[in-house]
Trainee: 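Provided herewith is a single structure, encoded as structure tokens, for subsequent inquiry.
For ligands, and for the atoms within them, numbers begin at 1 and follow the listed sequence.
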Amino acid sequence: MAYLLCLFSIIFASELSFCACDVGDFTPCLQFFYRSWPSKGLSGTPVCQRYNNQYRFASLYSRPRRSPWFSAYVYGVPLGKRPAASWKYEPQLAYPEANGNMALFPPGPLDPTVVESQAVEPDYINSSYTRGHLNPCLHHQLHEDRISTFTLTNVVPQKSGSNDGPWETLEQSVNKTLAAYCVGKAYIVTGVMPYKQKEHWIKNKRVAVPEYLWSAYCCPQFNNSLPQHLRSAFPTYAAIGRNDRNSTEEIVPINKSAKKQFLGYDVRQMTLETLEMYLKQRFNTVVSVFYEKCMESK
Ligand SMILES: *[C@@H]1O[C@H](CO)[C@@H](O)[C@H](O)[C@H]1NC(C)=O
Ligand SMILES: *[C@@H]1O[C@H](CO)[C@@H](O)[C@H](O)[C@H]1NC(C)=O
Ligand SMILES: *[C@@H]1O[C@H](CO)[C@@H](O)[C@H](O)[C@H]1NC(C)=O
Ligand SMILES: *[C@@H]1O[C@H](CO)[C@@H](O)[C@H](O)[C@H]1NC(C)=O
Ligand SMILES: *[C@@H]1O[C@H](CO)[C@@H](O)[C@H](O)[C@H]1NC(C)=O
């Protein structure tokens, strides 16, 4: 019931913010978007990702795809080692009255209501796809923020050639660039592009596979003494990565001399404008990742 009210309040009065729920409304987690302005153009179910009674990041979830359209978060310089993964789910997607914290899967058989409402671990096991974080553990400082990224509403089916190859290299290079030259907060949004014609699904037809992943950051306050190769990387920068080696090369060309296991999983770095052009083509609607393209201070 609360969920329905939530939906209605979004449909009929999107400016009103009386809805107290964490599913269906970004109001409690606007701090993860630059200027408190959630990325526009895509429709889905907003999830304020809460772990241990604190909001950690925000995801726009697609119930029919059982995977997110994007996750939005604030970058933190990482400290320490990657925590061991223990996967969580979002009880509120199944039970609107649940308390809003992500939860570990309880031992024993899975609750069918949970299984119906979202992806569960067996969806990914033996699927030939890894669980690709949109909001990666690597971009966070606090241990609990890192742990909170291991939730299935923050991952998409990603080929290991991408996840362990060029996409990981991108996450690391964004980490180095922001740690070195971003002076204030860096807001990051990472999302997916679906196949143009026919939707792809992992084996049991429950979770949709994206053709591409994309990512963009907005760092309005940066160190002005940038090295030459990073001059175009501020205040905003973006990338698109292949998740299917069979895709055509119109959006992201293939580097034929890449190592065999990474061949066809290239990442192309680009401006935010170029990314938004491809998003517009693919979604047939204007997609705005950041308020005023992150350029209002200029
Ligand atoms: C995955 O594949 C392995 C080896 O084929 C098999 O032993 C295991 O039961 C499978 N697990 C699931 C959840 O399908
Ligand atoms: C992320 O950046 C920090 C700061 O430069 C660095 O210490 C750390 O090693 C980087 N992590 C990775 C995995 O590249
Ligand atoms: C800006 O970058 C330069 C060169 O890397 C460095 O010497 C300087 O300390 C940085 N300034 C700030 C405010 O981070
Ligand atoms: C790519 O093409 C090969 C050969 O046609 C096929 O076996 C494979 O399943 C395709 N991969 C995807 C992800 O569609
Ligand atoms: C292609 O990949 C090779 C091997 O990783 C690398 O040395 C080269 O710089 C890459 N070329 C381009 C244009 O990215």
Trainee: Considering the heavy atoms of Ser225, write down every atom of ligand 3 situated less than 4.0 Å from one of them.
Mentor: 1 (C), 2 (O), 3 (C)
Trainee: Using a strict 4.0 Å cut-off to heavy atoms of Ile125, name the atoms of ligand 1 that fall inside it.
Mentor: 11 (N), 12 (C), 13 (C)
Trainee: Does the side chain of Ser128 pick up a donor-acceptor pair with the side chain of Lys159 at under 3.5 Å?
Mentor: yes
Trainee: Quick one: look up the protein heavy atom nearest atom 4 (C) of ligand 5 and list residue, atom name and how far away it is.
Mentor: Ser257 O, 3.5 Å
Trainee: Can you find a protein heavy atom closer to atom 14 (O) of ligand 5 than 4.0 Å?
Mentor: yes
Trainee: Using a strict threshold of under 4.0 Å (side-chain N to carboxylate O), is an ion pair present between Glu144 and Arg56?
Mentor: yes
Trainee: Is there a donor-acceptor contact under 3.5 Å linking the side chains of Glu90 and Thr153?
Mentor: no
Trainee: Decide yes or no for Tyr217 and Phe234: does some side-chain heavy atom of the first lie under 4.5 Å from some side-chain heavy atom of the second?
Mentor: yes
Trainee: Once you round to the nearest 0.5 Å, how far does OG of Ser215 lie from OH of Tyr237?
Mentor: 12.0 Å
Trainee: Taking atom 10 (C) of ligand 1 as the reference point, report whether a protein heavy atom occurs under 4.0 Å from it.
Mentor: yes
Trainee: Hey, is atom 7 (O) of ligand 1 touched by any protein heavy atom at less than 4.0 Å?
Mentor: no
Trainee: Taking only heavy atoms of Asn126, which atoms of ligand 1 are found under 4.0 Å from at least one of them?
Mentor: 1 (C), 2 (O), 3 (C), 8 (C), 10 (C), 11 (N), 12 (C), 14 (O)
Trainee: Could you tell me if Asn163 and Thr130 have a donor-acceptor pair between their side chains, going purely by distance under 3.5 Å?
Mentor: yes
Trainee: Polar-atom distance check: Asn255 versus ligand 5, any N or O pair below 3.5 Å?
Mentor: yes
Trainee: Could you find the nearest protein heavy atom to atom 3 (C) of ligand 3 and give me its residue, atom name and distance?
Mentor: Asn223 ND2, 3.6 Å
Trainee: Quick one about Asn53 and Asn101 (side-chain donor to acceptor, distance below 3.5 Å, no hydrogens or angles considered), yes or no?
Mentor: yes
